[in-house]
Amino acid sequence: MSIITCIEDLRVLAQKRVPRMFYDYADSGSWTESTYRANNSDFAKIKFRQRVAVNLENRSLASTMVGQAVSMPVALSPTGLTGMQHADGEILAAQAAEKFGVPFTLSTMSICSIEDVAANTTKPFWFQLYVMKDREFINRLIDRAKAAKCGALVLTLDLQVLGQRHKDLRNGLSAPPKLTIANIINMATKPRWVAGMLGTQRRGFGNIVGHATSVSDMSSLSAWTQQQFDLSLSWADVEWIKQRWGGKLIIKGIMDPEDARLAVNSGADALIVSNHGGRQLDGAQSSIEALPAIVDAVGSQIEVHMDGGIRSGQDVLKAVALGAKGVYIGRPFLYGLGAMGGPGVTKCLDIIRNELDLTMAFCGLRDLQHVDKKILLPGTF
Ligand code: FNR
């Protein structure tokens, strides 16, 4: 196998090893994918100021996110169907994150359940919640997350309706995949993936088992979302969930300063500037472009995090310089998982850590406490 040196190498390997419908599920955005592309390309416009002859001994990437120590300010995003990129994917990713000292966030729409991940890890992971009409179901999920001692609840607000992703519809995305001739022919070229799946029982939506559901393919997932997700969701619900949960609450999916102010009023501990990785409102700003106005509006009152388009340690440093207390990576760790399982997630985190460390050194920085806009070239952000 060729040597892996960057996230793009992991993506290429994942594309070879993961069945097409699941690779496409990860590597796609909604409609024209313009926001998906901008999330990453807008990072390239921002330039650093290179500094020299600064003492670079004893460098550290340590920080905190919602008061919890992190070895670097990079968490793993909640991503649905992660256990379809690789057998037991959520467990493997959570274990890799735990070893690395960064948070793992389990999606409501995961394959491995809250209990599966809790049984296979020793430190608290975070749980992501979607708001559904069935409040009893939400109560049960919150209770399960509490019982698993999850360290934070990440409440996603940008998916009351589902953004259309063409590839998922064309591929007939489903979990487990349907055994059509096209799928069988494609899976026959992915023997490692198939062997992994044959070796696990975890092939359906682990957290929503037992809930009235008939999610069999993407069109039914879209119908299911319409049926189950709460179209009347309001900030009053957010306050109710905050009370019910009682722990650290992180609001995900904020792209507008006005919504950021409302998130502060709801009593949340942090918000994530996020457009769902370009998978929901195509035509929205990129997350990195939206970040500064939100930091200006609420940065002194709440921790501002961001996600979307981070593919390197350089991108992490740019986001932190623009005011993000922490960032999340979605596809980069999914590519790692699809490429090499748990070691691939570790590889992804290693790559980002090394890039972040060296880039800080080039900018004359020894720790993240001294990172602000001054490390960026004026006029480029
Ligand atoms: C997601 N995302 C997501 N968000 C969420 O709150 N709950 C979820 O279940 C999912 N599912 C999901 C699946 C896949 C395959 C992807 C790629 C993304 C969005 C995710 O948490 C995050 O916002 C983006 O992935 C960040 O962008 P990057 O890092 O992937 O560019």
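Both ligands and their constituent atoms are indexed starting at 1 by order of listing. Everything numeric here is computed off the predicted structure, so don't read it as measured data.
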- Query: Does Cys112 reach the side chain of Ile91, with side-chain heavy atoms less than 4.5 Å apart?
  - Reply: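 They are in contact (side-chain heavy atoms under 4.5 Å apart), so the answer is yes.
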- Note, Leu155 side chain near Gln128 side chain (heavy atom, < 4.5 Å):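 Not in contact.
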Test your reading of the structure: does [X] have an N or O sitting under 3.5 Å from an N or O of ligand 1?
| X | result |
| --- | --- |
| Ser107 | yes |
| Gly309 | yes |
| Gly330 | yes |

Could you tell me whether [X] and [Y] make a salt bridge, using a distance below 4.0 angstrom between a side-chain N and a carboxylate O?
| X | Y | value |
| --- | --- | --- |
| Arg311 | Glu8 | no |
| Arg331 | Asp307 | no |
| Lys45 | Asp42 | yes |
| Asp350 | Arg353 | yes |

- Query: Can you check whether Phe229 and Tyr130 have ring centres sitting under 6.0 Å from each other?
  - Reply: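 Yes; Tyr130 has its ring centre under 6.0 Å from that of Phe229.
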Where on [X] is there a heavy atom closer than 4.0 Å to ligand 1, on the side chain, on the backbone, on both, or on neither?
| X | value |
| --- | --- |
| Thr105 | neither |
| Gln128 | side chain |
| Thr156 | side chain |

- Message: Tell me whether Thr82 reaches ligand 1 (any heavy atom closer than 4.0 angstrom to a ligand atom).
- Response: no
For [atom], which protein heavy atom lies nearest, and how many Å away is it?
| atom | answer |
| --- | --- |
| atom 28 (P) of ligand 1 | Arg331 NH1, 3.5 Å |
| atom 27 (O) of ligand 1 | Gly308 CA, 3.4 Å |
| atom 4 (N) of ligand 1 | Lys252 NZ, 2.9 Å |
| atom 10 (C) of ligand 1 | Pro78 O, 3.3 Å |
| atom 23 (O) of ligand 1 | Asp307 OD2, 2.7 Å |

- Look at the rings of Phe104 and Phe333 and say which category their plane angle falls in: under 30° parallel, 30 to 60° tilted, over 60° perpendicular.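 Plane angle over 60°, so perpendicular.
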- Query: Angle class for the Tyr328/His305 ring planes (parallel below 30°, perpendicular above 60°, tilted otherwise)?
  - Reply: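 Tilted, since the angle between the ring planes falls between 30° and 60°.
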- Message: Under 4.0 Å from a heavy atom of Ser274: which atoms of ligand 1 are those, numbered in the order shown and with their elements?
- Response: 23 (O)
- Should one rank Gly80, Ser77, Ala26 by closest heavy-atom distance to atom 13 (C) of ligand 1, which comes out on top? Gly80
- Message: Given Tyr36, Tyr130, Phe22, identify the one with the heavy atom nearest to atom 5 (C) of ligand 1.
- Response: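 Residue with the shortest heavy-atom distance to the ligand atom: Tyr130.
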- Message: Looking at Arg37, I want to see if its CZ is surrounded by more than 12 non-hydrogen atoms of other residues, nucleotides or ligands under 6.0 Å.
- Response: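 Yes, CZ of Arg37 has more than 12 neighbouring heavy atoms, counting only those of other groups under 6.0 Å.
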